[in-house]
Each structure stands twice: as C-alpha cells, then as structure tokens.
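Computed from heavy atoms alone, side chains included, the values below leave out hydrogens, waters and symmetry copies. A note on names: the letters A, B, ... follow the listed sequences, proteins ahead of strands, and every chain is numbered from 1. All values reported here derive from a predicted model rather than from experimental measurement.
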Amino acid sequence: MEYNFTEIEKKWQKYWATHKTFKAEDSSIKPKYYVLDMFPYPSGAGLHVGHPLGYIASDIMARYKRHKGFNVLHPMGYDSFGLPAEQYAIQTGQHPKITTEQNIARYREQMDKIGFSFDWDREVRTSDPEYYKWTQWIFIQIFNSWYNKNSDKAENISSLINEFEANGNTNVNAVCDDYTKQFTAADWKAFSEKEKSDALMHYRIAYLGEAYVNWCPALGTVLANDEVKDGVSERGGHPVERKLMKQWSMRITAYAQRLLDGLETLDWTESLKESQRYWIGRSEGTSVKFKIHGSLSHPEVNTNLNEIEVFTTRPDTIFGVSFVTLAPEHDLVNKVTTAEQLAVVEEYVYVSKNRSERERQADVTKISGVFTGSYVEHPFTGKQIPIWVGDYVLAGYGTGAVMAVPAHDERDHKFAKHFGLDLPQVITPNKEHDFDKDAWGEKEGTLINSDFLNGLEVKAAIKKAIEEIEKKKIGCKKINFRLRDAVFGRQRYWGEPIPIYYKNDIPYALSDNELPLVLPEVDKYLPTEDGEPPLARAKDWKYRPAEGGEFEYELSTMPGWAGSSWYFLRYMDAHNGSEFASKKLMNYWNNVDLYIGGSEHATGHLLYVRFWTKFLKDLGYINIEEPAQKLINQGMIQGRSSFVYRIKLASIIPLANVEERINYDKQVFISKNIITKIFGDLKLEGVKADNVKRDTLYNLIKENIPDFPDKDAEGPLTALTIQTLNVDVNIVENDILDIEKFRNWREEYKTAEFILDDGKYICGYEVEKMSKSKYNVVSPDDIGEKFGADTLRLYEMFLGPLEQSKPWNTNGITGVSGFLKKLWRLFFLSPAGGGVANATGEDIAINVTDSEPTKGELKTLHKTIKKITEDIERFSFNTSVSNFMICVNELTEAKCNKRAILEPLLICLSPYAPHITEELWSLLGHKESIALAPFPMHNEEYLVDDSFSYPISFNGKMRLNIELPATLSVEEIEKEVMSREEVQKYLEGKTPKKIIIVPKKIVNIVI
RNA sequence: ACCCUCUUAGCCCAAUUCGGCAGAGGCAACGGUUUUAGAAACCGUAGAGUGUGGGUUCGAGUCCCAUAGAGGGUACCA
C-alpha cells in the first residue's frame, strides 16, 4: 500500500471535524492546559509559510499535552477589525465586513489543510457584535473606574465621588492628570453637572483628554506609538505628524509600576522583558522649580504660574545649570517670551510643531533652538539663567522642561556648543576628560563649584541635593515613566463603536442592556467633508433613551488593540450571552500556560493585554494578574528571493546598429555564474566595462543566439548594464531557473533567450522579508499539495530552533518527506522475505507482528521516547524531528515490524505528524483516534549499557578507548586502566600526577 | 547611539539543567543498485576542531574578558 498523503490527510481532517476530537471540556478531573497563538489579523494575502511556524509549534504542544492526559484548550479566532480591510473598502467601496469574511474563509481553509487541533467551536471574531458587545462593556468598566494609589488598584468611580462629596479632592491619592485643580467638598457640591463630569474626567482610567497624538493625514486617523515606525505609519508607510487632539485615552500609566514588577514573575524571554522594561522606562529623579525672573511678558494668560518645573535625574549637577530649555509645545513658552524675541520664538514654535515625526527624527543631529529673552533665578545662587526653547526637549516626557547642564549631559552639551553657551563644570571626572569635546555624563567623580555639595562623590551628592531641594520646598523626589497613556480612539469606521453618547456636551456611558452598540452602515468609509469621522455619515444614528430625547453618539471607534486585549478570556467561554465569560470557567482555565507569537507584539499587544488583565483583576472579575505565564516568540521566516540578470541591449550592441537593436525584441538573460566569471561582480549598472570583457560577453551571446544583431566593429563604448530582476521563487529550484515556466510567467518573457552555464540557468539569491512584491512568498498550500501537511509540519520544525529567524528554503524538504515514506514502509515490510516492500506501490497489506522486541529495538524506542519528551518540554522541536529520523533509520536497519515498538512510536510522532499516524494507528486495528492515546513513558532499564567505551586522555588529549563494564567504580576503573599496556606506553614510565575519572564519561591522566 | 540574540562540515542544524571522545539527522557532493532515459527509491563514502584573540580548568563549542561579523528591537526619555 502506498503512502497517499492527499487522501489520508483529507480523511482525518474530516474525521476530527465531525468527531470534535479536539473539543475542550468545560470541566474535567484532568489538569488543564491552555495553549494560545497570538490572534491573527486575516489579511487579504492569506498565510505564507512563515505564519504556521508558531501554530505548528503550539499544535504539537496541544496534542502532546492531550496525550499526557491534560484537558487542553487550544482555540483560534480572528482580530478582524483593522485598517487594511478599511483601506480596501475606501478604495473599492466594498464593505469591510465582506472582505474580512472572505479573508477569514481563506485563512480557515489554509489552516484546516495543515491539520491543526483547534477547538473551532470556540472561534471568536472581534468584529462580531456578540464579541464586541463585551469589548464595549469592558470599556465602560474602565470608564467608570479610577486608580486609587492608596489601595494600589482600580476602583469604581463611585468611591471617588463619595470622597469628593465628603472632602473634595485634596486628600485623594490617585493617578490623575497633571493639571487637576484642587476643590473642596463644598466646591464639588456647587459644581454643575458639566463641571462634575470634567472633574471626574481627570481621574477616569478611560478618559477624554487633550493629548499629542500621532496623526496620520493619509489614513485620516491617529496611530498608537507602536503603529508608527521611523516616523511613518507601519501599515502603508504614510507620514505621521504630532497633533494636539481631544481623544479617548487609557490611563495605562497608572499601571506602569505593576507592569514593570509583574515582569519578574513571568517566564518570558529576557529580551522581550527587557524591551517592555525599556518601553515603560522608569527613571528616578527629582523635580525642581525655577522661579521666573521679573514679571511675565504676557501675565494676562496665567498670572499664578511664575515658575518652571523641570525633571532631572541628576540633581547633584544643579550648580552646573547654565540655561533652561522648554519644549516648543510647553505652555509657558508664549508667556515668558519677551516682545523682542516674540517673532523668532513664534516662528520657531510654529515650525517645530508642524514638523512631522519623520523630519524630527531624521535630523536628530541637527540642533535647533531659540532664546526666549527671559530668565529664571537659580534657586541656590540666585543667578540669572536664560530660558531657551528647543525641540530636543520632548513635551510629553517629565515636565516638558529641562535644566540644562552642558558639562554633564550630552544633549545639553551639543546645544550649548551650538549656541555658544557656558559649560560650567561641577564634577571632577575620575578619568582624563576633554570638556570642550564631550560632556562627562558618568555618575562618577567628585563635586566642585557646588557650594554645599563640594567634595562629595556623585551618589552622595544626589542624596544631599535632594535633601536640600526638599528643604527649600522647591521640588521633591519623583519617579517618571516613559510610558504614555494609550490613545484609545481613532477616526475610522472599521472598529468597535465607543459606547458613549453626549448630553449637553457631557459624555455618558451606555447602560449594559443597551449593548452592543452596533456599528452602523455608512455610504462611504471616508471622513466627512468637515473632517468628522466616517461614523458621522451614518444616517439617523442617534441615542434615544427610553425616557426620551435624542443624543449624539461618540463618533470615533476603538483601536485595534481593544478586542485583542481580552480575547484570551473569551475563549474560555466563547458563547456566553450574559457575561464576558463566566467566573467559574475563568477560574478553571486560569491563565494561558503557553502563548506563542511574533516578537513584533512586544510593546503593543503584550503590554495592553497585561494592562487589561490587571484592571479586570482589580475590579474582581478575574483572579489572575498576568495573562500568560510562559511566552515564546517564534522567529521570523524570511524569504529567499531569486534573481535573474538581464542584459540591457543598448549596452552590448553599440549605437551604429541602432536599427537592428530596436527591431530585436527578445530579452537576453545570463546565468549568474557567467557574469561573475567574466566581471567578478553582479552589480553592473552603468559600469564602464573594458572592451575585452564586453567582447567576451558579446561572443558568448552570439554563439548561443545566432540571430542576435551584429556588433558594429568600432562602436562607441557605452556603459554596460546588467539588470537584476526578482523572479518568482516558485519557478526556481535549487537556484536553477525553470526556463519553460519562466517564459510562460509573463508575456514579455515569451521569447526570452538565455546564456546558460553548463546547460543550466543559475539564479542569484538574497534573504529578505517575505513579500508579494519580491516574488519570494511561498504558500503553505503549494508545499502541502506537493509533499503533504505532515511533511510541511515536520519540515517547518526541522528548519531550526523555533525562536530563531531563518530563511525559507525548500532544499531539505525531500529528506523529511523521505523520512515519512520510510516510516510508512516499516509497517509494510514484505511478508515474504522480511525485506523492504517495493516503494513503487506494490500492493502489500499492513504487516506488523506481535512478536517480542529485541533488546536493541527496545533501546531504540525508549531512547526516542526519552528524547522526544525532553525535546517537547523544552520547545526544541527541531531536534525531535532528527530524533525520529534516527529512530526510523535504526528500526529499518533492524527490519523491525513489531507492534510493541511501532505503536508507541506512532504516539510519540502523532503531535508532529498527526495524519499519517492516525492512518497507521487505525490500520493497526484501533477504533479510537490516536489523539487521546496516552503518551508512552520511557523505561530507563532499556537504556542501560552493559559496558562503556572509555576515552582515555593524557593531559586532556584523547589517545585511546578502553571498553569496560559500565558498573565499575572509580577505583576499579583506575585499576583496570592503569593495568593496560597501551596506557603504560603513553605514560613512558612516568607516574601520573593526577587521574580524573568520571564514570561513564571519561578518564583523563595528567602526567 | 543603546539593548538583545546568533556565529560549529559546501549549506541547514546537533552536541540538554550541570564543562567530559565535536556529529545523531537532513540537503548538497561522490560511488553503487534499480530504471529505455529522467524522476523517485534504496545502499554506501567522504567532509569541520567550533568567527578572531586572550583567560579560568586536569579538560572549553559550552564559563569569563576583549574583538569582528550577521540578525532583531528601541531611539533626543533629561
């Protein structure tokens, strides 16, 4: 019987679906195991071979844990709201719902073909109203909460209102906006409804506030920090500007410390934790207030603000301050600017505010700034210090103002040098240092020129400086985080509507029974003419409460990360209509035991999902502080692009023959090796080639293509150009181009001519990101069709360690496919002579015996069980594939067709290659799926060797082997070894200084 | 600029928490069997002293220091 993977795979995929083999039980006496893949966004391009890498790994784990007796939750669904579908909708007018559904169908079809053991009954889609009803519900909980620093958790807003009513906000210790005004209980009671709402808004964890956002005009929306790469949008690469907008935001900063601390408890890679730590960016420092000298130039704006507060991590350098710099967006800029400086400052502020992020980042080295004309007083010396504006100071970090210490801070130094400002030195470095060239930024050295700090070491000086600053009441110790509040609204159509309506300009949340607030239909997916979000186009979309009235809904929608921040909980109870998930089930499934996904989510999704998890815990909805205990980042699979080389005819046929050249419409491609042989290089663009080389090339072309135009004897030399063109990798095998397929690939190549190398056209290659435009995308469908899903699964694992990035290369796949055939053959050993069955398809029935296995066969099996178990437990899937190969090689060698060996082997292999193992398992007479068969345990007894061949080293150099019984003690080994003649020969009569013996490892004799 | 990861045969990769004979596997190569030929299959052969320089050790691919190269992440964070 032949191994027909197409039939077998179809058969078992159907079996699993109809028998619901992988259904997770809601309650069980078995221990639970929750293995989750990061939520995919169903893109129009479908899956390429890189996507399934993580899914295969998690599937192996899920299947393995089922064998090990766990109740496994292994779900899949779609993060189906998002920009690409909406961009497509804008371009084509097609509803994003329709494209999204088509894309999902394609994803599903592709995933099914790989044989994943997902419990599809639990599938969720973020764009499904049944799902986003609960995303909206969670939003409302966050809206109705504040962060109490005393209890260090989120609480319902009602406890804050009670406090306001009793004592105002003076005693409230909460995470709130910086500009929150103080009020008393009496004030509160006197507040209008609107004033109350505004006051509470400073405390709500989901709040409407003014914030600088990444505004992308091309996409017509704001983007999260992690959606901006190099100053342009991650999707589409459109420019992004900074803009002050009224926005829904999430006070994730309230959780900064907990997000940081929680990392310690997680089994994630150090690099991932490190990037989260860096993103959160905790820094301990001091705030210091500098009094503005004289009167404000524009006191009418705000008279009670007469100081500039800065944040510094180096209070010890306070005597080295030679100027203060404000961010261009700082509120005080226009208040401190003098009349003379007004024009230049306004110009500067205008320009830097309107510079896009990209420009700003592009000129990091370009220093710009302008003097305001005003001064602050130094709090200790009373000296006047100029106030500057400079865009190297960020508005959103710290207080948006810095005390510049050019001698001891790199950026301040550059700024001061550029504008010719003083560089007062206050620390004597412990090393040679040129202050004119560089700042001394190390936290090392002795303080000088610093009054009460003189003579102190930096660390002591920092402490002392803080004391003095606090004593003078001009500042205090402060912890700053780089993490910013997360913008939560976007002016787009394809997202969850924010469940808020406005009554007299006051935002109110919908009540639970009014959810979901369903996304309305619109005629176009673009913003309105007056720049309102697309939802403004929805006809008659108004909030009409039972008690009457008609109110406007919030028009922005939620960002992509909303739905994905809690989906792992929904899988636990995917169809619950009355709660986001039942407490009972959430308690049972607890958190994710293994989470697999790409490292691109390090600072986006993985921070948000931790934030929401902590929030839901604070409110008592769940019992876990962290969503996923163990997390693995699978490496990226890169594409291997192939190139062909086309001669630019003009550069080989000189101008004299221009007629003929124009009429010659064939394209000529040269094999890579020939180019390198002649020119020694592949990059030939406008290269002044010497006549000899070009003639060599010309003669070669003429030889191969007789109808090629003649060269004019003395044509003028033009620059030689050979163009490098991407060619579809699917028509290239082992760098050899399939010429026929190439000619058919595109109309223009129909008549292409080739200069071959040894009869073959050799392509060049390069490793790059897999992308459509580079023609290097390999679809899992093609591989599956050619080799089968089991081979695809094994091969993806076989490529290398899961976490490492690697280029896709099909070169080795025949080895894996051959392994499966070899395994198959073990079950069909010819009954006649015990030989191997004819692989060409001779129809022999399965032939497995019940006879006793030999010691050698048992050893092979148990060695394999042991290795595979260890490999899976440490996620080393690539090594287990080779271990299976070794095992099958050994069993083939032994002509083993014994049930006692082959059955346990099948179970071990089934997480990796589920279809072939199901088929063989059923051919062996089993009626139940192999998926639930208990995983075999290895027996150490079979692995013990009677003897061990000891390598004998002299001074660490291995000289000979001596076979000794494995049971010998150290003393016995020494005695035995020293008695050997060969050993004595190497000793040359000397007495060894030392003999190191490690039983069953090595003997080392030191002479 | 900073942080993280990696570097072993022509190529992909092993050598496990805890240093103990550098190789178990696959591709490619070479030789053979089968085949009209090709493909496929099967059997067999050969091939590196671990990027570089130093150190610790009886013993280093493995630990430490320095350095080079590749990949990834972050980026004026006071």
Just how far, in rounded Å, is [atom2] of [N] from [atom1] of [X]?
{"X": "Lys821(A)", "N": "A39(B)", "atom1": "NZ", "atom2": "C1'", "answer": "11 Å"}
{"X": "Asn633(A)", "N": "C3(B)", "atom1": "CG", "atom2": "P", "answer": "20 Å"}
{"X": "Glu442(A)", "N": "C2(B)", "atom1": "CD", "atom2": "C1'", "answer": "13 Å"}
{"X": "Glu284(A)", "N": "A78(B)", "atom1": "CD", "atom2": "P", "answer": "12 Å"}
{"X": "Lys806(A)", "N": "C27(B)", "atom1": "NZ", "atom2": "P", "answer": "19 Å"}
{"X": "Leu272(A)", "N": "U74(B)", "atom1": "CG", "atom2": "P", "answer": "12 Å"}
{"X": "His413(A)", "N": "A1(B)", "atom1": "NE2", "atom2": "P", "answer": "18 Å"}
{"X": "Phe798(A)", "N": "A14(B)", "atom1": "CZ", "atom2": "P", "answer": "10 Å"}

Next on the checklist: Among residues at least two apart in sequence or on other chains, which ones pass side-chain contact (heavy atoms from CB on, under 4.5 Å) with Ala913(A)?
Outcome noted: Asp790(A), Leu794(A), Leu820(A), Leu909(A), Ile916(A)

Describe the nucleic acid contact of [X] in one word from base, sugar-phosphate, nothing, applying a heavy-atom distance below 4.0 Å.
{"X": "Ser805(A)", "result": "nothing"}
{"X": "Ser599(A)", "result": "nothing"}
{"X": "Gln804(A)", "result": "sugar-phosphate"}
{"X": "Phe311(A)", "result": "base"}
{"X": "Ser271(A)", "result": "sugar-phosphate"}
{"X": "Leu799(A)", "result": "sugar-phosphate"}

Base paired to [N] (Watson-Crick or G-U; both N/O distances under 3.5 angstrom):
{"N": "G31(B)", "result": "C43(B)"}
{"N": "A68(B)", "result": "U7(B)"}
{"N": "G49(B)", "result": "none"}
{"N": "G38(B)", "result": "none"}
{"N": "A60(B)", "result": "none"}
{"N": "A1(B)", "result": "U74(B)"}

Nearest of [options] to any side-chain atom of [X]?
{"X": "Pro801(A)", "options": "G26(B), A14(B), A24(B)", "result": "A14(B)"}
{"X": "Asn878(A)", "options": "C3(B), A78(B), C13(B)", "result": "C13(B)"}
{"X": "Asn889(A)", "options": "G26(B), A78(B), A40(B)", "result": "G26(B)"}
{"X": "Met636(A)", "options": "A78(B), G72(B), A24(B)", "result": "G72(B)"}
{"X": "Arg825(A)", "options": "A78(B), A41(B), G20(B)", "result": "A41(B)"}
{"X": "Tyr278(A)", "options": "G25(B), C3(B), U74(B)", "result": "U74(B)"}

Checklist entry - Between U16(B) and Thr879(A), is there an OP1 or OP2 to side-chain N/O distance shorter than 4.0 Å? => result no

Item to check | 5′-ward residue of the pair Lys867(A)/Val881(A) relative to RNA chain B | outcome: Lys867(A)

Checklist entry - Start at the 5' end of RNA chain B and walk down; is the nucleotide closest to Tyr795(A) or to Thr312(A) reached first? => result Tyr795(A)

Checklist entry - Are any of the side-chain nitrogens in Glu274(A) or Arg277(A) under 4.0 Å away from the carboxylate oxygens of its partner? => result yes

Item to check | Note: Lys863(A)-Glu890(A) ion pair, threshold 4.0 Å (strictly below) | outcome: yes

Spacing of the [atom1] atoms in [M] and [N] (rounded, Å):
{"N": "A66(B)", "M": "U5(B)", "atom1": "P", "value": "14 Å"}
{"N": "G47(B)", "M": "C63(B)", "atom1": "C1'", "value": "30 Å"}
{"N": "C13(B)", "M": "G73(B)", "atom1": "C1'", "value": "25 Å"}
{"N": "A60(B)", "M": "G20(B)", "atom1": "P", "value": "11 Å"}

Could you run down the sub-3.5 Å N/O contacts of the protein with nucleotides 58-62 of chain B?
{"unit_1": "C58(B)", "atom_1": "O2'", "unit_2": "Asn1004(A)", "atom_2": "ND2", "d": "3.3"}
{"unit_1": "C58(B)", "atom_1": "O2", "unit_2": "Asn1004(A)", "atom_2": "ND2", "d": "2.3"}

Item to check | Interatomic distance, Leu891(A) atom CG to Leu905(A) atom CG [nearest 0.5 angstrom] | outcome: 6.5 Å

Checklist entry - Could you give the distance from CD1 (Ile996(A)) to CD (Glu974(A)), rounded to the nearest 0.5 Å? => result 10.5 Å

Checklist entry - Is the Tyr912(A) to Phe884(A) ring centre distance short of 6.0 Å? => result yes

Checklist entry - Just by distance, with hydrogens left out, do Asn883(A) and Thr864(A) show a side-chain donor and acceptor under 3.5 Å apart? => result no

Item to check | Parallel, tilted or perpendicular: rings of His601(A) and His605(A) (30°, 60°) | outcome: perpendicular

Checklist entry - Any idea how Tyr392(A) and Phe415(A) line up, ring-wise: parallel (<30°), tilted (30 to 60°), or perpendicular (>60°)? => result tilted

Item to check | RNA chain B-proximal residues of residues 868-877 of chain A, any heavy atom under 4.0 Å | outcome: Glu870(A), Arg874(A)

Checklist entry - What is the glycosidic conformation of G49(B): syn, defined as within 90° of 0, or anti? => result syn

Checklist outcome for this item: Taking every heavy atom of Gly50(A) against every heavy atom of Ile637(A), the minimum-distance pair comes out as CA-CB, 3.7 Å

Checklist entry - For Ile462(A) and Pro315(A), which heavy atoms make the closest approach, and how far apart are they? => result CG2-CG, 3.9 Å

Checklist entry - Take atom CD in Glu893(A); do more than 12 heavy atoms of anything else shown fall under 6.0 Å from it? => result no

